[in-house]
Protein chains: 2
Amino acid sequence: MLTIRDIAKKAEVSVATISRFLHPETKHFVHPETREQIEKIIHKYHYIPNQAAQALSKQTTNNIGMVTAFSTDVVKSPYYEGLIAGIIEGIRPFTHDLKWIMIKDEEIQNCNPKELLQKHAVDGVVFLTWRLYPKLIHEIEHHSNLPVVLINDYESTIRSSIVYCDGGNGVQEVCKHFVQKGYKTIGMLRGPEYISLDAQKRFKAFKRAARTLGFRVDPKFLFECQRFDETDGYQAMKTWIENQKLPRAIFCANDDIARGAMHALQEKNISIPDQIAVAGFDDSIRSESLNPSLTSVRQPLEAMGRAAVQALINMITKKAKSPIQIRFEPELIVRQST
Amino acid sequence: MLTIRDIAKKAEVSVATISRFLHPETKHFVHPETREQIEKIIHKYHYIPNQAAQALSKQTTNNIGMVTAFSTDVVKSPYYEGLIAGIIEGIRPFTHDLKWIMIKDEEIQNCNPKELLQKHAVDGVVFLTWRLYPKLIHEIEHHSNLPVVLINDYESTIRSSIVYCDGGNGVQEVCKHFVQKGYKTIGMLRGPEYISLDAQKRFKAFKRAARTLGFRVDPKFLFECQRFDETDGYQAMKTWIENQKLPRAIFCANDDIARGAMHALQEKNISIPDQIAVAGFDDSIRSESLNPSLTSVRQPLEAMGRAAVQALINMITKKAKSPIQIRFEPELIVRQST
DNA sequence: ATTCTTAATGTAACCGGTTACATTTTGGAG
DNA sequence: CTCCAAAATGTAACCGGTTACATTAAGAAT
C-alpha cells in the first residue's frame, strides 16, 4: 500500500505539497507544473489516501450515521423505507459515507451518548426515531457537540435540527373528507402511543378534528393497536366485527393497520367503501395496489430524508450556524376505499 | 476528549498497559490489581478509544460494507428488504459497524476496486448485486485481497464466498403446481434479463420445467418486462387483455410484476384464479395481504443475509481459510391466486 | 544466596496522514 | 540592483492508538 511519503518521493516533492494538492479547498497554492507532476504520479500508482490516517489527523471521519433501532422491522416498514430512500438520495452529492447505526433495545435505557456514538466514528447523525429516545437525545445535546438531525420528533430539543411533517393536518383532512362524504360515525384504530410520538399526535389530531368538524368520538369505535402492523389491525377489526359494532368510516393510524383491517372486513364480505370506509396513513407504495386501493395521507418521506441529510451536512460543515426546523405538509390521497 | 495517555497518567501506569487492558484477547497479562485500577479510571472518565487511531495502527477498520447500486429503488424492493433485514440481524453479535456503500451507475463501468472500496474503509464487503458487476468483482479478486461475499451470483468467481438460493427449483415447483391443477396454457412475465442474472435464470428454469413437465412454451404468452416492478406487470397484462390472448395460468418473475398483472386483470373483472391463475416470485411480505393472496416462491432472504454476514466475518477474522458456497432452497407458498 | 524463568510493566517507534512554522523562490516596485 | 510581499515548498511535530523490544519484579529451583 502506497503512502503519501512514497508518492512524495516519486513526484520529487515533499509530503506537504502532496497533501496540499489533495486539498485544493484549503487555498494553499501549488504551482501548476508541480500539480501536473503530482497528478500524473497519483494517477499512475492509483494512490488513495488512507481514511483512518486522515480521520485521525483531521479529527473528522467523513461518515454520517443513520440511527435506528436494532430491529429487522425497520427495513420492512414503508415509513422507514421512504426515509431511507430519501437519505440515500440526499447523500449522493457528498463524499460522506453512510453508517447505519443500530441501537439495541438494552442500550436505549442506560445510554451514554459517547459510548453509543463516539465509538461509531461519525461526524453527525440522523435519528429515525420511532421509539422515544428522549434521554439519549438529551444526553447528546448536553454532553457532546455532535450535530444531530431528528425526523418527526419535534419536542424538547435545544440544539438539534428537526425535519418533520405536520401529520395533524393530514388527519384533519381525512376527517373532513369523511364528513363531506356524509359518514356520521367515525372510528379510529390508534397506534401504539406508549411507544410512538406520532401515534400520540395522530390521536390528538383526530380528537381535535372531531371538535372542529362536529362529529362525536365514540369510545366503542376506538382501539389502540400494540404495534403499527397488519396483524394488529386485523385482530382489532375482527373483534369489532364479532361484537357487531362497526362505525361507518374508520381512520387507521397507518397503512399497515388499515391493510389488516381491510383484510378482516373482506373475510366477512363487508364491502369497502359501501358498508364501511377505510383510510390509512403514510401512503406506502402498496396502498395503491390494494383492492380496493386505499385512501391515505402521504408524508413526503423521501423529501424529508433528503432534507435531513442536507441539514446535517450543513451543520457538520458549519454552513449552518444554528439548528433549523424544516416543516413538510402531508397530502391526502383519496382512493377507492372511501 | 481523553486520550490513552491521559488515562495512563490517571491510572498511574503506562499507555501500553492500558492498551493491553483493552485487548484481553492478545493474552498479554495485566495484574489483577492493575486491571481493577484501570477499570475504575476508564469507567469514571467514560474513556473510549479513538476509532481512527485504532484503525490506523491496527490496519483494520472494524467496518463491513454492504454494497448496492446508488438507487432509491433498492430500499423499496422486497428482495433487498429481506436481505438487508438478514444482514442487520446477522451483524448483531459482532462489534462491526455496517457501512452502506452505494455504487453510482457511472462507477460501475470504469471501476477500480481500490478507488471504490479502499476509500470507503471497510474490512470486507457483501455485494447485493442486481446489476451485473462481473468486471468489478474480477478486479477486486485479482488486485486486492479484500474479503467478499456475493449474494445470488454464483458465476465466475475465484476467491469470493457465495450465498445463493437455487431459484430454479422454485420455478419448477410453480410449474408443477400449475400442471397438477390442470392448467394447460402457461405464460410467463419475464424479468429484465439484460440486467439481472436472476431474471435470466428464472426464464431458463421455466423453459426447463416446460420440457420436463411436458407443457408448451407459447411465445405469445411470454413477455420481458423492462423492470422488476408493478407498472411493467400492469402494462404487459393490459396489452394482453386488449389483444385477447390470455393463458390459463401465468408465472411472474417476481411479486411486483405479479401484483401489477393482478391489478390489470381485476380492472377488467377477470377472476383470479377462476379465469386465470397468477403466481409470483419472492414471497414479499405483501403477497399475503393481496386480495386474492398471491401464490409465490419464497427465497429465505433473511437467512441468506445472515449467512452472508457470518461468512464475511469468518473470512475477515481468518476463521475461514477458503471461500465457501452456501446454498439455500426456495419454497413454494400456495395461496388463493392459483 | 544465586540463578533462571515467567509475569508484569515501561519506552519509544510506528501507522499515514495534516499543518504550523520556517525557508526558498519569484516577480514587481522603487 | 535592492528590497519586499506573495507564492511555493519543505521540515517536523502532531493526531491517538498498538506493539516490538527492553526492563523490572516475583517466584521457583539449585
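In what follows, every heavy atom counts, from backbone to side chain, and hydrogens, waters and symmetry copies are set aside. Letters go in sequence order (proteins before strands), and every chain restarts at 1. No experiment lies behind these values; they were computed from the predicted model shown.
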*asked:* Quick check: closest heavy atoms across B:Leu128 and B:Ile87, and the distance to 0.1 Å?
replied: CD2-CD1, 3.8 Å

*If you find the nucleotide of DNA chain C closest to B:Thr34 and the one closest to B:Ala53, which residue's nucleotide is nearer the 5' end?*
B:Thr34

*Residue-phosphate contact under 4.0 Å: A:Ser14 side-chain N/O, D:dG10 OP1/OP2*: yes

*For B:Gln59, which contact category applies under a 4.0 Å heavy-atom criterion: base, sugar-phosphate, or nothing?*
sugar-phosphate

*Taking for each residue the nucleotide of DNA chain C with the nearest heavy atom, is it A:Ala52 or B:Val15 whose nucleotide lies nearer the 5' end?*
B:Val15

_Option passing side-chain contact (heavy atoms from CB on, under 4.5 Å) with B:Ile41 (candidates B:Ile7, B:Leu2, B:Asp6)_ = B:Ile7

*Do A:Arg327's NZ or CZ and the ring of A:Tyr164 fall within the cation-pi criteria of under 6.0 Å and 45°?*
no

*asked:* Between C1' on C:dG27 and NE2 on A:His31, what's the gap in Å once rounded to a whole number?
replied: 13 Å

_For a quick check of understanding: with a heavy-atom distance under 4.0 Å over all strands, which category does A:Ile7 fall into, base, sugar-phosphate or nothing?_
nothing

_Base, sugar-phosphate or nothing for A:Val13? Non-hydrogen atoms, less than 4.0 Å._
sugar-phosphate

*What is the distance from NZ of A:Lys119 to C1' of D:dG17, rounded to the nearest Å?*
18 Å

*To the nearest Å, give me how far apart CZ (A:Arg5) and P (D:dT11) are.*
12 Å

*Answer yes or no: does atom NE2 of B:His142 have more than 12 heavy-atom neighbours from other residues, nucleotides or ligands under 6.0 Å?*
yes

*Closest heavy-atom pair and its distance - A:Gln51, B:Lys119*: OE1-O, 2.9 Å

*B:His96 NE2: over 12 foreign heavy atoms closer than 6.0 Å*: yes

*Give me the residues of residues 17-30 of chain A where at least one heavy atom lies under 4.0 Å from an atom of DNA chain C, by number, or none.*
A:Ser19, A:Arg20, A:His23

*Once you round it to whole Å, what is the distance between P of C:dT19 and CG of A:Leu56?*
12 Å

_Can you tell me if B:Tyr47 touches the phosphate of D:dG17, counting only side-chain N or O atoms and a distance under 4.0 Å to OP1 or OP2?_
yes

*Atom CD of A:Glu36 to atom C1' of D:dA8: distance rounded to whole Å?*
17 Å

*What is the minimum heavy-atom distance between A:Ile324 and A:Ala311, and which atoms define it?*
CD1-CB, 4.2 Å

*Mind calculating the distance between CD1 (A:Ile42) and P (C:dG17) to the nearest angstrom?*
10 Å

*Between A:Ser57 and C:dT19, does any side-chain N or O lie under 4.0 Å from OP1 or OP2?*
no

_Does D:dG17 have its OP1 or OP2 closer than 4.0 Å to a side-chain nitrogen or oxygen of B:Gln51?_
no

*Are the side chains of B:Leu98 and B:Met66 in touch, meaning some heavy atoms are under 4.5 Å apart?*
yes

*Report the nucleotide, chosen from C:dG10, C:dT18, D:dT18, that has the shortest atom-to-atom distance to any side-chain atom of B:Ile4.*
D:dT18

*Measure from NZ on A:Lys9 to P on D:dG10 and round the result to the nearest Å.*
14 Å

_Which nucleotide wins on minimum distance to the side chain of A:Ala16, given the candidates D:dG17, C:dT19, C:dA8?_
C:dT19

*Rounded to the nearest Å, what distance is computed from the CD atom of residue A:Gln54 to the C1' atom of nucleotide C:dT18?*
9 Å

